[in-house]
Each structure stands twice: as C-alpha cells, then as structure tokens.
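In what follows, a structure is listed as structure tokens, so that the remarks can point back to it.
FYI, the numbering just counts along the sequence from 1. Values reported hereafter were calculated over all heavy atoms of this structure, with side chains retained and with hydrogens, waters and symmetry mates removed.
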Amino acid sequence: MGIIRTIPFIRHYQGSPTEHVVRLRRGRVVRSGVGQAFWFRPASTALSELRVVDRERTVLFHVVTADQQDVTVQAALTYRVGAPELAASRFDFDIYPRSVSGPPRGEEEIGELVAGIAQSLTVDVVGGLTMADALQG
C-alpha cells in the first residue's frame, strides 16, 4: 500500500511498484499508473489503489453429475486485474479519503466474482458428464 505523508494544507502520495493508483479530482481521472508519486490537495482529491499482482483463491463446491451423483470439486484460481482503472471505478478501492464503513472491499468482491464464474463454468461442464466420465477427466 502506498504511503500518504501530511504536510500542512497538502499531502504527498508515494506508491509502490505493485500498486496501481487512480487519482480523481472533481470526478475526473487526473493521474493513473503504477509506482506513482505526487502531491495533492486533500479537499479536492480522491485516491483509489489496487494491487496489480497475481492473486490466488481456492474454491470448493459440490456439483451433481448427469447420473445424479454428488461430486466435490476443489480448484485453485489464479487471476490478475487487467484493467485497473475500470476495476477502480466499479469496486471499492478507496484509500483517500478513508471510508467510514471500513477498509476497502474491492479485492474481496473481485475474488468472490471470479469464484462464482468458476463455479458456474464447472457446474455446466461437470453437470453434463456421468460420474465415470467426471472421474476420468
């Protein structure tokens, strides 16, 4: 996570090489990128920051095969956010000003979304197979 230093009437943001920061002023993107460093006025700036490294998530779910047998599927998913600005505009990655509702939840929400898509695809594929085919394949 980037470091925000406070000097009277102004702040300084120093990012890391694995964090993509999006700086908004009056609702418009002023600066966006990895490893950014800049001064900003706290009254007119909002910052969102998200990691651009590979993330892993393990999932475990049950699927019913075509011959009505229950199969447990365990998988490890690896994913990376390909469009950080788009993700920052749709999920909560706010770091400044701090949200009163708690820490940013964007990373968790994206992980849940990826797991849901993987489960949906697995149910479609394994649900059409018999138990013998599912165990072989």
Side-chain angles (χ1 to χ4, degrees):
M1 181 170 226
I3 299 168
I4 298 176
R5 291 184 181 89
T6 302
I7 298 174
F9 309 112
I10 200 164
R11 301 242 183 348
H12 184 263
Y13 172 83
Q14 176 67 51
S16 69
T18 60
E19 307 285 338
H20 185 101
V21 67
V22 178
R23 177 182 172 192
L24 297 168
R25 185 183 321 140
R26 296 183 183 103
R28 295 186 183 160
V29 176
V30 176
R31 184 179 288 241
S32 177
V34 177
Q36 298 282 318
F38 51 84
W39 296 94
F40 66 95
R41 292 184 189 160
S44 63
T45 300
L47 300 177
S48 295
E49 183 182 66
L50 61 148
R51 294 188 302 159
V52 290
V53 295
D54 290 344
R55 296 183 198 147
E56 251 186 48
R57 182 176 176 115
T58 56
V59 292
L60 179 72
F61 41 86
H62 296 279
V63 180
V64 178
T65 62
D67 54 354
Q68 302 301 314
Q69 298 296 315
D70 189 39
V71 177
T72 302
V73 177
Q74 181 179 1
L77 308 172
T78 303
Y79 63 96
R80 178 185 305 168
V81 175
E85 274 190 47
L86 183 61
S89 70
R90 295 190 178 175
F91 296 97
D92 178 21
F93 286 101
D94 299 337
I95 60 166
Y96 188 87
R98 289 277 179 184
S99 174
V100 294
S101 62
R105 292 210 51 229
E107 195 167 315
E108 295 171 22
E109 292 172 352
I110 290 176
E112 291 170 8
L113 184 64
V114 168
I117 291 169
Q119 181 175 0
S120 175
L121 293 171
T122 304
V123 166
D124 287 346
V125 171
V126 176
L129 301 174
T130 64
M131 175 67 120
D133 293 336
L135 292 175
Q136 287 179 355

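Each salt bridge (Lys or Arg N to Asp or Glu O under 4.0 Å) pair with one or both residues in residues 2-21, not counting sequence neighbours, would appear here, but there are none. Within the structure, every pair that satisfies the salt bridge (Lys or Arg N to Asp or Glu O under 4.0 Å) test and touches residues 30-54, not counting sequence neighbours, is listed here: Arg51-Glu107, Asp54-Arg80.
If you chain together hydrophobic residues whose side chains sit under 4.5 Å apart, Val52 and Val21 never meet in one group. Grouping the Ile, Leu, Val, Met, Phe, Trp and Tyr side chains by contacts below 4.5 angstrom, directly or via other members, places Met1 with Phe38. The hydrophobic cluster containing Trp39 does not contain Val29, counting ILVMFWY residues as joined when their side-chain heavy atoms lie under 4.5 angstrom apart, directly or transitively. Residues Val22 and Ile95 do not share a hydrophobic cluster, defined by chaining ILVMFWY side chains whose heavy atoms lie under 4.5 Å apart.
To the nearest 0.5 Å, atoms CG (Asp70) and NE2 (His62) are separated by 6.0 Å. Here OG of Ser16 is found 9.0 Å from CD1 of Ile3. Values are rounded to the nearest 0.5 Å. The distance from atom CG of Leu50 to atom NE2 of His20, rounded to the nearest 0.5 Å, is 6.5 Å. Distance OG1/Thr58 to CD/Gln74: 7.0 Å, rounded to 0.5 Å. The distance from atom CD1 of Ile4 to atom CG of Leu47, rounded to the nearest 0.5 Å, is 5.5 Å. One finds the CZ atom of Phe93 at 8.0 Å from the CD atom of Glu109 (value rounded to the nearest 0.5 Å).
When atom types are taken as modelled, the side chain of Ser89 and the backbone of Leu86 share a donor-acceptor pair closer than 3.5 angstrom.
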Side-chain polar contacts of residues 110-131 - donor-acceptor pairs under 3.5 angstrom, sequence neighbours left out - could you list them?
| from | atom 1 | to | atom 2 | distance (Å) |
| --- | --- | --- | --- | --- |
| Thr122 | OG1 | Ala118 | O | 2.8 |
| Thr130 | OG1 | Asp133 | N | 3.4 |
| Thr130 | OG1 | Asp133 | OD2 | 3.2 |

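Between Tyr96 and Tyr13, the gap from one ring centroid to the other reaches at least 6.0 Å.
For the pair Leu77 and Val59, the minimum side-chain heavy-atom distance is below 4.5 Å.
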